[in-house]
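One structure is given below, encoded as structure tokens.
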Amino acid sequence: MTNAPHTPTSDKIADANRREIAIEHLLFGTIRFVAQRHPDLLDELGRSVDHLWDKAHDDTRDDEAVREIARRFINSLRASD
């Protein structure tokens, strides 16, 4: 099996994916740390989810999908208590 050649676009996508993973990890840890000291934080974040929207301006826009990701994130923080 041969590897596909790297293109500037694929390198940018890979870098963006790595940044997303790192940011999600750091954000998750930060929210978990703060929520342990302020238990009402997760409830407040849960109430704010309805205000989220997808910033896409094409057929990929899916506001509810963005909200569902936020809900799953919050639920996973609750489960990690």
Side-chain angles (χ1 to χ4, degrees):
M1 182 171 144
T2 61
N3 290 337
H6 288 282
T7 64
T9 301
S10 67
D11 289 344
K12 287 180 182 179
I13 291 170
D15 285 345
N17 287 336
R18 291 178 191 124
R19 279 192 307 276
E20 182 180 345
I21 291 166
I23 289 167
E24 186 175 305
H25 170 78
L26 295 171
L27 181 59
F28 189 89
T30 301
I31 294 173
R32 184 175 53 213
F33 178 84
V34 174
Q36 287 171 346
R37 285 146 183 84
H38 301 280
D40 57 330
L41 174 66
L42 297 180
D43 292 335
E44 185 65 29
L45 289 173
R47 286 189 291 273
S48 74
V49 168
D50 290 338
H51 300 285
L52 286 173
W53 70 94
D54 187 337
K55 294 182 180 184
H57 297 288
D58 58 17
D59 292 342
T60 64
R61 182 177 177 152
D62 188 342
D63 296 339
E64 190 53 37
V66 172
R67 293 177 189 128
E68 184 56 30
I69 291 168
R71 286 184 195 105
R72 287 193 317 248
F73 196 89
I74 293 167
N75 288 338
S76 66
L77 283 160
R78 289 185 197 283
S80 70
D81 285 344

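Only this structure's heavy atoms are used, side chains among them; waters, hydrogens and symmetry mates stay out.
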Worked verdict on Asp63 versus Arg61 for salt bridge (charged side-chain N to carboxylate O under 4.0 Å, His left out): CA-CA 6 Å; Asp63 296 339; Arg61 182 177 177 152; 3.0 Å; yes

Counting N and O atoms only, with roles assigned by atom type, does the side chain of His38 sit under 3.5 Å from a partner on the main chain of Gln36, one being a donor and the other an acceptor? no

Can you tell me how far the CD1 atom of Ile69 sits from the CG atom of Leu52, to the nearest 0.5 Å? 10.0 Å

Before you tell me yes or no, could you show the steps for Arg67 and Asp62 under salt bridge (charged side-chain N to carboxylate O under 4.0 Å, His left out), namely the whole-Å CA-CA distance, both residues' side-chain angles and the distance that decides it to 0.1 Å? CA-CA 9 Å; Arg67 293 177 189 128; Asp62 188 342; over 6 Å; no

Below 3.5 Å, can you tabulate the donor-acceptor pairs from side chains in residues 14-28 to any protein atom, sequence neighbours excluded?
unit_1: Asp15; atom_1: OD1; unit_2: Arg18; atom_2: NH1; d: 3.2
unit_1: Asn17; atom_1: ND2; unit_2: Ile13; atom_2: O; d: 3.4

Given side chain to side chain contact (heavy atoms under 4.5 Å, CB included), test Arg71 with Val66 step by step and report yes or no. CA-CA 9 Å; Arg71 286 184 195 105; Val66 172; over 6 Å; no

Just checking Asp58: does its CG atom have more than 12 heavy atoms from other residues, nucleotides or ligands closer to it than 6.0 angstrom? yes

Value for OG (Ser48) from CD (Glu44), rounded to nearest 0.5 Å, stands at 7.0 Å

Any side-chain heavy-atom pair of Leu42 and Arg32 under 4.5 Å: no

Under 4.5 Å between any side-chain heavy atoms of Phe73 and Leu45, yes or no? no

About how many Å separate CG of Leu41 and CG of Leu77, when rounded to the nearest 0.5 Å? 8.5 Å

Using every non-hydrogen atom in the two residues, find where Trp53 and His51 come nearest and quote the distance to one decimal. CE3-O, 3.1 Å

Check step by step if salt bridge (charged side-chain N to carboxylate O under 4.0 Å, His left out) holds for Arg47 and Asp40. CA-CA 11 Å; Arg47 286 189 291 273; Asp40 57 330; over 6 Å; no

